[in-house]
Student: 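Below is a structure I'd like to ask you about.
Sequence lines set the chain letters: A, B, ... in the order given, protein chains first and strands last, and positions in each chain run from 1.
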Protein chains: 2
Amino acid sequence: MKNKRKTTIKDIANVLKITPSAVSRALNDNPRISDKTKEAVKKVALELEYQPNQLASALRSGKSNLVGIIVPKTNSYFFSTVVESIENELNKEGYNVIITQSNESYDKECRNIQTLLQTQVDGIIASLANETIDFSHYEKIKSKGIPLILYDRGENDIGVDYIGIDDYESSHLVVEHLVEQGCKRIAHLAGLSQTRIYKNRIRGYVDALEKHHLPLDTNLIKESNLTLENGREKTKELLKLPNRPDAIYAAGDYAALGALQILQENNIKVPEEIALVGFSNEPFTSLIRPTITTISQHNKEIGKLVAQQFLKRVNDKNWKPVLNKTILKAELIVRDSSKRK
Amino acid sequence: MKNKRKTTIKDIANVLKITPSAVSRALNDNPRISDKTKEAVKKVALELEYQPNQLASALRSGKSNLVGIIVPKTNSYFFSTVVESIENELNKEGYNVIITQSNESYDKECRNIQTLLQTQVDGIIASLANETIDFSHYEKIKSKGIPLILYDRGENDIGVDYIGIDDYESSHLVVEHLVEQGCKRIAHLAGLSQTRIYKNRIRGYVDALEKHHLPLDTNLIKESNLTLENGREKTKELLKLPNRPDAIYAAGDYAALGALQILQENNIKVPEEIALVGFSNEPFTSLIRPTITTISQHNKEIGKLVAQQFLKRVNDKNWKPVLNKTILKAELIVRDSSKRK
DNA sequence: TATATTTGTTCAATCGTTTGAGCAAATGTA
DNA sequence: TACATTTGCTCAAACGATTGAACAAATATA
């Protein structure tokens, strides 16, 4: 009962007294093979439980049907749904997906690329680690002529296709909404400004305040790594100000939750005394009470677009990498934490 | 500036006027190659930016260094952390991981296996879809002699290595805890009893009641698909009973959250009037107020053990599949939703 | 009927690496 | 000095599929 040698096209060829080439062509529906032979081949293939060896095929044809994805952190709702969506799209087209995570580390990201290239992936889909500020490791991908698609992070950095949401405008949506609710002192729990998306959210926040003729108070901007704990810390600081904010806009949902906890622990009514808005539409934002107003990044949509962009590139023989941004309009999901009216 | 042909061991061989075989052996640190040659080869490899072609290597050596994982649903905290942990372990050993999801569908699971086998993975790590009650598709993996490791779901079904937690005993932990808190009528929002893990939780619940001399009231057992919505529905039903429960033990955290929402909407004090326990330690259970008591499945630990088991199997030349269960003791995480004392 | 075209297949090379066998030179042993 | 062993490399055949070129037979064209 040993695992009998795998059947190959050669075995099929032997049974039918034809050559392996004919078998290969028959299986690939080559027009030069007669229907009779095709049928016979497929029948025998089934009988012998033939399983094509993708490695061999990939080696010869130069196409592995593997796509590498680099994720900063798999363990995040946003990224895991984006990946899920990419996967669904690409599986349909016969591609398999290899997921690697950088854990927000520049070194790991470099190694990921190395590994993926060795695995001869047909393309790479990546979102930059927070640490990454040098991009030379991505040049290797470009110079090999392998399609490279970025999503969420890396907008202008590498000069290839990028899909993400409009962070600048998202902040406008938030501020506008809060102003409509009657807020006048809007604080911002900002992300680290070295990451472009967070910088954009800050810019958007500042410009939106100006647009609505609200004064800019830099005491109300707290840079944070956006964890729950840090959200708590920074919120405490905000509450200590002589002139408290009447709204908090956090650039991440976990920070927003941290803020909410501190507010509730201090018996501050949300949204009546302080309104609260988060960012990312993490699942828990709709689960807790009050539900948290947040920005939806259209996770599924981003994944779908990324996959489609990849397919376009991989099928375009003489494609050259060039900066090409697809910016989705984000959506404000208004929930109880900011609904004053 | 075209993508110049990739450098191969042949190119290195040409530069050094030696043969490709020598280069291959040098790169793999074969003892029969002199240190001088090894150094020279590695230097040239670096200069020419040589990237080994894993496909070719895999084809020849019969080892792809790819491991396939089948997940019922990537978009779940439990599964995504398990996968993350498996990945970390296996990456260390030079394996790459291909993730596929069955979406709880039997058909998709079959196709996943098909795909993974074609990709010539060195092993498969799987958790069964809820739908799966026939296991013949897994026999193909076994008969090919490819290591197969199951986790969380599939305990006894396929006769291979399995790693999971002790669901039966988990229910005991929960019931015991609730009894200690003074609860006498403990309801159970149970999972679908066709899935073994849920059946075990039900068995554990029933036996634990008996152990503590509590009467079994089948009205207090509600089978559910354990979604938030369904948790709400079933909880409403429980509240309509002439004789309300004083505790609810849900076999899933989302169902527990649904229960909590209904209780709060009805101004029922948790845990004073009705205590609540969930299952899985989803992140939100510690984020909301009251925090929810739940069972931790040791996600990281499971992933680590799965990976180690795979490594053991793949390195054991004459390994034969045989049922071998590793059952972890689950941990009860007591939080506010059940703390009466 | 003679020639051109199409059809259906075979032949042989190839993708890039690994690996068993072979062989000469260097080194060890008696 | 003669023989055995070790060292360091070369040779050539794989792994399993794909693919351009070749070619005979069948069919079409003039």
Student: So for the helix from C/dT1-D/dA30 to C/dA30-D/dT1, with five pairs setting each end axis, what is the inter-axis angle to 10°?
Tutor: 40°
Student: Assign B/S24 to base, sugar-phosphate, or nothing according to its heavy-atom contacts below 4.0 angstrom with the strands shown.
Tutor: base
Student: How would you list, by chain and number, every residue that makes a side chain to side chain contact (heavy atoms under 4.5 Å, CB included) with A/T37, sequence neighbours excluded?
Tutor: A/I18, A/I33, A/S34, A/V41
Student: Nearest whole angstrom, please: distance from the C1' of D/dA17 to the CG of A/D11.
Tutor: 13 Å
Student: Rounded to the Å, how far apart are A/N30 CG and D/dT19 C1'?
Tutor: 10 Å
Student: Just the rounded figure in Å: distance from P of C/dG16 to CD1 of B/I9.
Tutor: 10 Å
Student: Would B/R196 and B/D157 pass as an ion pair if we require N to O under 4.0 Å?
Tutor: yes
Student: Distance check needed: D/dG16 P versus B/Q118 CD, whole Å only.
Tutor: 15 Å
Student: Do B/S64 and A/L55 make a side-chain contact, defined as non-hydrogen atoms from C-beta onward lying under 4.5 Å apart?
Tutor: yes
Student: Between B/E139 and B/K142 (salt bridge meaning N to carboxylate O under 4.0 Å), is one present in this structure?
Tutor: yes
Student: Considering only distance and modelled atom types, tabulate donor-acceptor pairs under 3.5 Å from the side chains of residues 92-99 of chain B, sequence neighbours left out.
Tutor:
unit_1	atom_1	unit_2	atom_2	d
B/K92	NZ	B/E89	OE2	3.3
B/Y95	OH	B/K63	NZ	2.8

Student: Taking atom P of C/dT9 as reference, at what distance in whole Å does atom CG of A/L27 sit?
Tutor: 13 Å
Student: How many Å lie between CG on B/N28 and P on C/dG16, as a whole number?
Tutor: 17 Å
Student: Within the 4.0 Å limit for protein heavy atoms, which parts of nucleotides 9-15 of chain D are touched? Write it as a string from 5' to 3', B for base, S for sugar-phosphate only, - for none.
Tutor: SBBBBBB
Student: In terms of side-chain heavy atoms, does B/K325 have a donor or acceptor partner in B/N156 at a distance below 3.5 Å?
Tutor: yes
Student: To the nearest Å, how far apart are A/K63 NZ and C/dC15 C1'?
Tutor: 16 Å
Student: Please report the distance, rounded to the nearest Å, between CG in B/N14 and P in C/dG16.
Tutor: 13 Å
Student: Does a side-chain N-to-carboxylate-O contact under 4.0 Å join B/E39 and B/K43?
Tutor: no
Student: Going by atom type alone, with no hydrogens or angles, which donor-acceptor pairs under 3.5 Å involve a side-chain atom of residues 124-137 of chain B and a protein atom two or more places apart or on another chain?
Tutor:
unit_1	atom_1	unit_2	atom_2	d
B/S127	OG	B/Y151	O	2.7
B/S127	OG	B/R153	N	3.4
B/N130	OD1	B/T195	OG1	3.0
B/E131	OE1	B/Y106	N	3.1
B/T132	OG1	B/E109	OE1	3.1
B/T132	OG1	B/E109	OE2	3.1
B/D134	OD2	B/Y106	OH	3.1
B/D134	OD2	B/S136	OG	2.9
B/H137	NE2	B/E109	OE2	2.8

Student: Considering only distance and modelled atom types, tabulate donor-acceptor pairs under 3.5 Å from the side chains of residues 113-121 of chain A, sequence neighbours left out.
Tutor:
unit_1	atom_1	unit_2	atom_2	d
A/T115	OG1	A/R111	O	2.8
A/T119	OG1	A/T115	O	2.7

